[in-house]
Structure formats: C-alpha cells, structure tokens
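Because the structure is predicted, anything quoted here is derived from the model rather than measured.
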Amino acid sequence: MSKLKIAFHWLASCGGCEVSLLDIDDVILEVAAIADIVFMPLAVDGKWSDINAMDDREIDISFINGAVRNDDNIHEIKILRQKSKIVVAYGQCSTSGGIIGLGNTFNVSDLLEYAYKDAPSVDNPNPEVNIPSPIYEENGIVLTLPTLNDQVTAIDQHIDVDYYLPGCPPPVPKIVNAIIAIRDNKLPSKGAFLTSSKSVCDECSRTRSERRDIKITEFKRPHEIIPGELDDEKCLLEQGVICLGPITRSCGEHYCMDVNMPCRGCMGLTPDTRDPAAKMVSVISQFSAHMTDEEVKKLTQSIVDPVGLFYRFSFPKSMIKKSLYKEV
Amino acid sequence: MVLAEQNISDTEKLEFQPKILGFVCNWCSYGGADAAGQLHLNYPVNTRLIRVMCSGRVDPQLMIDALKKADLVFVAGCHLPNDCHYKTGNHFARTRVTLMQSTLHHLGINPERLQMIFISPSEAKEFASAMKELTEVASNLGPNPLRIENENEEQVKIL
C-alpha cells in the first residue's frame, strides 16, 4: 500500500500547531507508517519549485495552520489547494483567525510604526527609512516584500477547505482521532469540523444552579480572584468570573475549569454563534434582573477589554471583524 | 486614537438623511407608537419599526445586523422596573444595550448609534419626540461606517 503524501504548512503562526504534533507521543510513529511528508517548512527541506512541479491533487492531504496576514500567504495556500486532494485547516488561526486575528484591532500602518518606531525596546535611528516597504530599488535592482493585507483572514475566506481541526492548539485526542480517521478512510463529509459541535458548558463538570435570582454587579478577572474564594464545584459564570464556555466548542477530556481557570474560547465558536461578543453580552445580561442603572454601569466598567476578551480567537470570523479608528 | 467617525460638516448634515431602525415591544412601546399614529402626531420619516413581543427578545446579534443596515438602532421597551409584560425582559434588554454600547466603543464605532428607550402605551407624545430626538442624534453622527449598501457579504470579507 503506497504511503499518503502529506504537507504541513504554516502561515502567520506561532509554531504551536507544529509542536502539537510532538504532543501526540508515539502516535507519531503511526503517522510515519502511513504517510510521507512532502512539504513542511519547519521540519524538512523543501522548495516551492518542487510543489509547483507536482501534478494537481498529487498531495493527498495538506494541513495548513496560521492565519492569512499577507499576499504571500494567499499565494501559497492557493498553490497547495491546487496540488492537494484534501485541505485541512489545522488549529484556530487557520480556522477562524485565532490570536493572530486580534491584529485586526489595529491598522497596518500603526502596527508597522509601533514595531519599528514606537515600541519601548526599539531603537531606530531613522524610522522614516528603516521600516519595511513592499518595494526597494537600488542600482537598478528591485527587491520586493509581501504586502500586509488590510485584515487578517482565515484560510476558508480564500480557498475551499475540506476539514477543520480547531483549537489553540488542537487537543491531543482530537489530533489522534483525525489521524485514525485518515488511516481508516473514515473522514466525515466535506466541510466538517473534526470535533464536537457541543458547547463547553455541555461537558463541563461544574454544576449550574440556573437560579434566576443570581445578581452579579462586578465580574472578576482571573488575577483579581483571591485563592480559595471560589467554590470548586459551581459554575464560574454564576460566581462572577467570565467564562466563554457557552459559546465555545467543547474540547474533550481536560478542561481549564477543572483547574479553576475560566474557558478562554480557544476551540472557537459553536456553529450557531455568529458574533462572540454579542452572545456573551446576552450571557452576562442574564444576571442583571432587578439591577439599577448604577449597578449596570458598574458591571459594564468591570469588563475592561470586551474586544480582546470575547473576540480573542475568532475576530476575523465575527460580525464586525475589524476595529475602526483613526489616529489623531 | 479617536473613533473612526468625526463630525461631518454642516452642509453635509443638511443633505444626509439617516436611516433609523427600531425594535419596538408589542405591549408598551408599540402601543405608544400606535397611539402617536392615531393622534396624527408628526415625527420625521427616517425611522422604521420592527415589532417584537418583548424588548428582551432582541438578541445582540440582531443589533449588529441592524447596525449594518442603518445609521442608528434603538430598542424600545416597557418602563423599568415593573412594567414588562414578561416581568424582566426589559431588564435584560437594558443591560444588553449598555454592554453592546461598550463593545461598540472599543471597536471604534460611536456607541450613540445604539440606544435604549422606554415608552408606555399612553405616551404617544413621548414616542413622537423620542423619534425626533433620535433622528437629530443620527443626523449629527453622520453616515455609519459599518453600513454596507448592498446585500453582498463579500464586500465586508476582505477590504
């Protein structure tokens, strides 16, 4: 039986998805048994000329992680799409923008200015000149760099994606299940997420009292909680800690809530959530019956960064997608 | 860093006609709007109303949907704290609007584009003057940067 040809490519990425492959321990031997890696910039030598020379659909599966930040990323995923039978969006960045998606809270010019001029650790003697630009010409030689796109996007906003493996990074049991499904040719229908559609709340071990008289006038951020102050068995939302469980896909066996941390939303949004901030506003508002306007104001002020908190892993796939502002 | 939108010039104000969308609760607010109609009270034609059974029914996702089509969106409910036909729907609507205003502000959109008002069935005059006031607020705010003119979602995907 011939081995599968697989590619593992990264775009705007932290590298954590590549590391997650090592987390699967000896299951990596199963991968080596069924597949040959034809392209993986992190781990093996390979040139784009080799990929370009392949026939269409010659690669069996391309796993793509990282978000689309510049023109090169778009160029590369289009080539991989053409040369692959199956494309899997691996990790949250390629699925819905991920942490990289928070780049949409800034304009590109401001990002560059901060990185090359204003950051406290930067010492740039000539910031007008020493800043990346798409074209540079000297002595008749023209050099180019990829241009940053206006917005960070997920890969399915550019190419057809066959399967999604969400998570930041994808949890080990989900990766292993995906490998087994590939080995046994038991992948679901095209477009599926290789994970549960249930929310984290559905599988969380904490108990919800669902009492309608709970009133919370101030939400605490994790670092504001005094150790021992919270009940280990009860729902964190009901105790005044913002947990994104209601809008997040469930992740499997080990949950952050089991170690007293609220869910951050790293598995991405449940299928029916179109905008995470809007949905979480609804969730938080359930605790506001019979509150006065002053109490509501205090509640609102206790949530100091709604954009970073609610949109942390899915900003490009939310309803507004980008912060709008102008510099003074 | 300032909000994306800045005050438009006076001449632009004269020409700009804002589009206002309101979610109006069946029991109190729609009753008030209906009473304003019966009394033939005058108010600007810029508002369109959507009747819902309760202001608490308005999902914040619908508020964002509305902000993509209108320059100003409002939710109208029964008076706090005890008038809601379903007891606490208006409490939730009030909190949702306040939290969404904060979120919009952090996204660089003027939070005044989303408003909560309270109208009882007998308050016909108050409804008409609220519509006048909201139209003036919307005119001063200028065109909504979120508003997409045609139905094609593609326009918002990648700029």
Side-chain angles (χ1 to χ4, degrees), chain A residues 68 74 104-107 110 149-154 156-158 212 215 272-293 295-297 299-311 315-328, chain B residues 1-6 55-69 73 75 80-82 84 86-111 113-114 116 118 143-148 153-159:
Chain A
V68 174
I74 301 181
N104 284 351
T105 54
F106 294 99
N107 295 338
D110 292 326
N149 295 336
D150 244 8
Q151 285 185 43
V152 175
T153 42
D156 66 358
Q157 289 166 283
H158 303 273
R212 301 167 64 125
K215 201 159 117 170
D272 52 345
T273 305
R274 290 190 293 143
D275 189 276
K279 272 292 169 193
M280 282 308 295
V281 159
S282 250
V283 168
I284 290 164
S285 298
Q286 70 178 305
F287 300 114
S288 71
H290 306 293
M291 268 169 54
T292 64
D293 279 347
E295 287 174 319
V296 171
K297 194 167 162 204
L299 162 64
T300 309
Q301 284 169 347
S302 73
I303 303 171
V304 300
D305 177 20
V307 171
L309 175 61
F310 300 135
Y311 290 121
F315 202 12
K317 285 291 191 90
S318 64
M319 288 174 74
I320 296 180
K321 297 176 173 51
K322 188 170 167 65
S323 295
L324 311 170
Y325 70 90
K326 268 192 252 193
E327 276 296 341
V328 177
Chain B
M1 229 183 260
V2 290
L3 296 180
E5 348 171 22
Q6 302 190 307
S55 55
R57 178 264 175 275
V58 183
D59 190 316
Q61 284 173 159
L62 290 178
M63 296 177 200
I64 300 181
D65 274 323
L67 277 168
K68 288 188 178 175
K69 299 280 165 76
V73 172
V75 178
L80 296 166
N82 291 320
C84 178
Y86 307 101
K87 297 271 200 288
T88 49
N90 55 353
H91 299 202
F92 299 138
R94 179 267 323 258
T95 312
R96 284 181 193 149
V97 166
T98 312
L99 285 170
M100 280 309 294
Q101 283 170 336
S102 166
T103 307
L104 289 173
H105 173 71
H106 281 89
L107 285 169
I109 295 148
N110 197 323
R113 294 198 184 275
L114 181 64
M116 177 95 207
F118 303 96
N144 181 1
L146 271 187
R147 201 170 141 191
I148 45 175
E153 256 301 277
E154 285 296 313
Q155 205 176 359
V156 184
K157 271 189 181 161
I158 307 154
L159 291 173

Query raised in the report: If every non-hydrogen atom of B:P60 is compared with every non-hydrogen atom of A:S282, which pair is closest and at what distance?
Result: CD-OG, 3.3 Å

Report task. State the CD1-CG distance between A:I320 and B:L107, to the nearest 0.5 angstrom. Result -> 5.0 Å

Query - Interchain contact, A:V304 with chain B, by part (heavy-atom threshold 4.5 Å) - result: backbone

Query raised in the report: Should the heavy atoms of other residues, nucleotides or ligands under 6.0 Å from CZ of A:R274 be counted, would the total exceed 12?
Result: yes

Query - Full working for side-chain contact (heavy atoms from CB on, under 4.5 Å) between B:D59 and A:K279 - result: CA-CA 8 Å; B:D59 190 316; A:K279 272 292 169 193; 3.0 Å; yes

Query - B:T98 portion near chain A, given a 4.5 angstrom heavy-atom threshold - result: both

Query raised in the report: Of the backbone (N, CA, C, O) and the side chain (C-beta and beyond), which part of B:N90 lies under 4.5 Å from a heavy atom of chain A, both, or neither?
Result: neither

**Report entry** Residue part contacting chain B, namely of A:M291, when any heavy atom lies under 4.5 Å
**Finding:** both

Query raised in the report: Quick one: does B:Q61's side chain have a donor or acceptor within less than 3.5 Å of a partner on A:D275's backbone?
Result: yes

Query raised in the report: Is chain B contacted by the side chain of A:D293, its backbone, both, or neither, given a heavy-atom distance below 4.5 Å?
Result: both

Query raised in the report: Where the side chain of B:H106 meets the backbone of A:P306, is there a donor-acceptor pair that is under 3.5 Å apart?
Result: no

Report task. Calculate, to the nearest 0.5 Å, the distance between atoms NE2 and CD belonging to B:H91 and A:Q286 respectively. Result -> 15.5 Å

Report summary line: Turns out that what part of A:T292 lies under 4.5 Å from chain B's heavy atoms comes down to backbone

Query raised in the report: Any side-chain donor-acceptor pair under 3.5 Å between B:T95 and A:S285?
Result: no

Query raised in the report: Would the number of heavy atoms belonging to other residues, nucleotides or ligands and lying under 6.0 Å from NZ of A:K297 be above 12?
Result: no

**Report entry** Interatomic distance, B:K87 atom NZ to A:H290 atom NE2 [nearest 0.5 angstrom]
**Finding:** 9.0 Å

Query raised in the report: Among B:L62, B:N82, B:L146, B:D65, which residue forms the greatest number of heavy-atom pairs with chain A at distances under 4.5 Å?
Result: B:D65

Report task. Search all heavy atoms of A:V307 against all heavy atoms of B:T103 and return the closest pair with its distance. Result -> CG2-O, 4.3 Å

